[in-house]
Amino acid sequence: MALIFDIKRYAINDGPGIRTTLFMKGCPLSCVWCHNPEGLSSRKQKLYTRKKCIGCRTCVEACPQKALTWTAGGIVTDPSLCDLCGICAEVCPAWAMEISGTEYSIDYLMKEIEKETVFMDRSEGGVTFCGGEPLLHPEMLLELLRRCGELGIHRAVDTTLFARPEIVREVMEHSELFLVDLKQMDTIKHKLYCGVPNELILSNLRMIAEVGHEFRIRIPLIEGINADEENIVRSAAFLSSLPWKHRTVNILLYHDIGKNKHEKLGTVYNPDRYPMATPSEETVQRYTELFNRYGIEVVTGG
């Protein structure tokens with residue numbers, strides 16, 4: 001069974017063409033700006049949107065564990081009683097309650113993927129496995145990749161590359177494309193902002209480049225985190241040293257959409273309050289020119 005927190009159809013930013021993207025729960029990184037915090041945990045989670053709640057108390061009455069209480073601040077869940085059965089989400093008339101994470105069989109997911117093959121074929125699209133981190137679930141991921149391959153479906157894996165090299169190699173054999181974020185070149189800063197050092201990530205990236213596997217690089221550009229000249233120069237120098245045909249970097253401008261999701265989860269966005277901001281147009285242009293000097297094209301967004 002696969003624990004999936006979203007299935008996105010008609011996706012156009014997760015690889016070439018029109019795609020179906022499967023979001024798997026669980027991630028070894030904990031980036032302070034993460035815009036999919038519901039993908040960090042490998043377990044089911046409950047999300048509650050206070051502004052949607054109409055105070056009808058239907059969920060309180062329906063909860064078999066008596067884990068919910070109505071307060072002036074909205075519904076409060078006692079985590080020691082809640083077993084994430086999902087009944088509260090099922091009965092909520094305002095969709096204020098959600099359960100993040102649904103178990104699906106491989107067969108079910110393949111049927112969902114196959115429904116979209118007509119759009120994939122016409123647009124030269126395919127399926128993308130995302131997260132979280134899909135490489136945390138190698139057996140399930142490889143089975144899905146193999147079965148998609150048997151149908152001739154283009155397969156992309158959106159990954160942090162924080163995984164054992166042998167897993168990366170095997171996934172390479174059953175996929176056409178890796179989508180990789182390059183977050184921070186300094187390993188100490190990478191651990192500070194992302195929870196893990198970056199040596200394994202950079203080593204795996206060099207490995208897939210030397211094998212000749214196709215990959216695309218995206219840089220989430222964030223003032224206060226990595227939008228400084230030293231980091232960009234190091235990023236450009238590293239990428240230009242790889243045997244890499246595509247030689248294009250997608251710069252993704254910082255946004256704080258993850259803040260609202262943290263509120264729904266009852267967790268805290270950027271708990272250490274690191275200063276983060278969207279870089280200016282001048283900053284983006286300056287770094288675009290810098291990458292260009294290293295022979296690397298830059299695309300903003302996507």
Side-chain angles (χ1 to χ4, degrees), residues 3-8 11 13-14 21-63 65-102 130-133 136 158 160 181 183 192-196 220-226 252-279 301:
L3 193 60
I4 304 293
F5 70 89
D6 195 11
I7 299 176
K8 182 179 178 183
N13 293 317
D14 299 327
T21 303
L22 274 62
F23 292 79
M24 301 178 177
K25 278 186 68 68
C27 185
L29 274 63
S30 53
C31 303
V32 295
W33 63 88
C34 180
H35 60 274
N36 283 330
E38 71 273 38
L40 296 176
S41 172
S42 59
R43 299 180 178 180
K44 290 183 180 182
Q45 293 172 289
K46 182 188 293 184
L47 286 76
Y48 172 60
T49 307
R50 174 66 183 93
K51 63 183 179 182
K52 286 185 178 181
C53 182
I54 59 176
C56 66
R57 299 172 175 79
T58 302
C59 59
V60 176
E61 296 170 2
C63 178
Q65 304 300 326
K66 305 301 179 186
L68 305 182
T69 304
W70 170 256
T71 71
I75 298 295
V76 174
T77 299
D78 184 339
S80 67
L81 297 177
C82 179
D83 62 1
L84 296 170
C85 67
I87 291 176
C88 57
E90 293 174 7
V91 302
C92 178
W95 301 94
M97 291 281 189
E98 305 170 65
I99 298 296
S100 175
T102 302
C130 189
E133 173 51 70
L136 276 181
D158 188 339
T160 66
D181 283 5
K183 305 172 192 292
L192 178 66
Y193 299 132
C194 304
V196 299
L221 196 62
I222 308 168
E223 290 285 3
I225 301 293
N226 62 0
L252 309 178
L253 301 181
Y254 167 73
H255 57 71
D256 64 355
I257 191 172
K259 186 175 182 180
N260 290 333
K261 292 185 178 182
H262 273 286
E263 291 176 358
K264 294 179 182 181
L265 286 166
T267 53
V268 179
Y269 179 75
N270 187 18
D272 294 315
R273 298 186 178 180
Y274 295 114
M276 297 189 292
T278 303

Side-chain donor or acceptor of [X] paired with backbone N/O of [Y] under 3.5 Å:
X	Y	value
Asn270	Val32	no
Asp272	Tyr274	no
Arg273	Pro271	no

For atom CD1 of Ile257, is the number of surrounding heavy atoms from other residues, nucleotides or ligands below 6.0 Å larger than 12?
no

Pairs in or reaching into residues 42-51: which pass salt bridge (charged side-chain N to carboxylate O under 4.0 Å, His left out), with residues at least two apart or in two chains?
none

Indicate the atoms forming the closest heavy-atom contact of [X] with [Y], along with that distance.
X	Y	value
Pro79	Thr77	CD-O, 3.1 Å
Gln65	Asp83	NE2-OD2, 3.3 Å
Ser30	Leu40	CA-CD2, 4.4 Å
Gly132	Cys27	CA-CB, 3.8 Å

In Å, rounded to the nearest 0.5 Å, how long is the span from [atom1] of [X] to [atom2] of [Y]?
X	Y	atom1	atom2	value
Tyr254	Ile225	OH	CD1	8.5 Å
Lys259	Tyr269	NZ	OH	8.5 Å
Tyr193	Met276	OH	CE	9.5 Å
Leu68	Cys63	CG	SG	4.5 Å
Ile87	Thr58	CD1	OG1	13.5 Å
Glu133	Ser42	CD	OG	12.5 Å

Looking just at side-chain N and O atoms, do Lys183 and Asn226 make a donor-acceptor pair shorter than 3.5 Å?
no

Assess whether side chain to side chain contact (heavy atoms under 4.5 Å, CB included) is satisfied between Cys59 and Ile75, documenting all intermediate values.
CA-CA 9 Å; Cys59 59; Ile75 298 295; 3.8 Å; yes

ring-ring contact (aromatic ring centres under 6.0 Å, His included) contacts touching residues 28-59 (sequence neighbours left out)
His35-His255

Who pairs with [X] by side chain to side chain contact (heavy atoms under 4.5 Å, CB included), at least two apart in sequence or on another chain?
X	value
Asp6	Phe23
Val196	Leu29, Phe162, His190
Asn260	Glu263

Is there side-chain contact between Pro28 and Leu136, with at least one heavy-atom pair below 4.5 Å?
yes

Donor-acceptor list for residues 92-102 side chains, cut-off 3.5 Å, not counting sequence neighbours:
none

With side chain to side chain contact (heavy atoms under 4.5 Å, CB included) as the criterion, how do Ser41 and Phe5 come out once you've worked through the C-alpha distance, each side chain's angles and the decisive distance to 0.1 Å?
CA-CA 10 Å; Ser41 172; Phe5 70 89; over 6 Å; no

Should Met24 and Ile4 be marked as a side chain to side chain contact (heavy atoms under 4.5 Å, CB included) after you check the CA-CA gap, both sets of side-chain angles, and the distance that decides it?
CA-CA 5 Å; Met24 301 178 177; Ile4 304 293; 3.8 Å; yes

